[in-house]
Amino acid sequence: MSMTERLSLYLVMGSQNCYLDPIEVLQKAIQGGVTCFQYREKGSGAKVGSERIELGLHLKRVCHDYGIPFIVNDDVNLALELKADGVHIGQQDGLVQEVRSMIGSEKLLGVSAHNVKEAEKAIKEGADYIGVGPMFHTSTKKDTEQVRGPIVIREIREVFPDFPVVGIGGISKRNAYDVVSSGANGVAVISAISQAENTSKAAQELKQEVEHGRLGIEIG
Ligand code: TZP
Ligand code: MG
């Protein structure tokens, strides 16, 4: 599967985001169509120390059982310790080139970008994909930048027609279409899947909107 296909439905999650067992949530989410997973054990209620490592190893095993990449948020050392498939960093989490030299050329490196300038820099410095957000209002992450919406995806697409881009922040089945029809390769979500009543159904419905959004680009 290509990087752009991998970004179709990207689940970001830690145990603090789940009402149910995160292992089961991940399994059901992948069964419903999730194509990539990011372990983001962070914030109030998050596991620390050996529990954070244990859960990470378990979630990685689930990803690999189903053949999807296991990416670690923020923490390069944790990514290396867990032998993750990659790491995702924000603008505050270190220099892209430094992280690249720590993880090597084989592992995936995702970088958050909020505008064309940050996207340009991340791409030039060796990111494999960029995450752009917040697309919409979200209460899952407190320290987000201002919401500018899917227009940012359009702006980035004008400069980088083919680079792998995923939208994040406040995305649900009601607005995923707008993100993808604006040019994103897919959507990254936390609460729309991790807090859904029916995990696999939520993933299925989002995936369907991503597919509609792709048709929306071709037609529009
Ligand atoms: N980065 C930008 S917004 C966000 C992250 C991690 C939170 C996304 O959570 P949700 O529940 O999908 O809005
Ligand atoms: Mg970060």
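Read the numbers this way: they start at 1 and go in the same order the structure lists the ligands and their atoms. Basis for what follows: all heavy atoms, side chains included, without hydrogens, waters or symmetry-related copies.
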**Message:** The test is salt bridge (charged side-chain N to carboxylate O under 4.0 Å, His left out); show your working for Arg52 and Glu41 and say whether it passes.
**Reply:** CA-CA 7 Å; Arg52 183 166 175 250; Glu41 191 66 27; over 6 Å; no
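In plain terms, the two heavy atoms of Ala192 and Ala202 that are nearest each other are O-CB, 3.6 Å. The two atoms that bring Ile153 and Gly183 nearest to each other are CG2-C, 3.6 Å, heavy atoms only.
Ion pairing of Glu54 with Lys47 is absent here, as no side-chain N (NZ or NE/NH1/NH2) approaches a carboxylate O to less than 4.0 Å. Checked for salt-bridge contact, Lys28 and Asp21 miss the test: no charged N lies under 4.0 Å from a carboxylate O.
The angle subtended at the Mg ion (ligand 2) by OD1 of Asp74 and OD2 of Asp93 is 80°, given to the nearest 10°.
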Please tabulate protein-ligand N/O pairs under 3.5 Å for ligand 1, atom names and distances to 0.1 Å.
from     : atom 1 : to     : atom 2 : distance (Å)
ligand 1 : 11 (O) : Thr140 : OG1    : 2.5
ligand 1 : 11 (O) : Ser191 : N      : 2.9
ligand 1 : 11 (O) : Ser191 : OG     : 2.6
ligand 1 : 12 (O) : Ile190 : N      : 2.9
ligand 1 : 13 (O) : Thr138 : OG1    : 2.6
ligand 1 : 13 (O) : Gly170 : N      : 2.7

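Atom NZ of Lys60 has more than 12 neighbouring heavy atoms from other residues, nucleotides or ligands inside a 6.0 Å radius.
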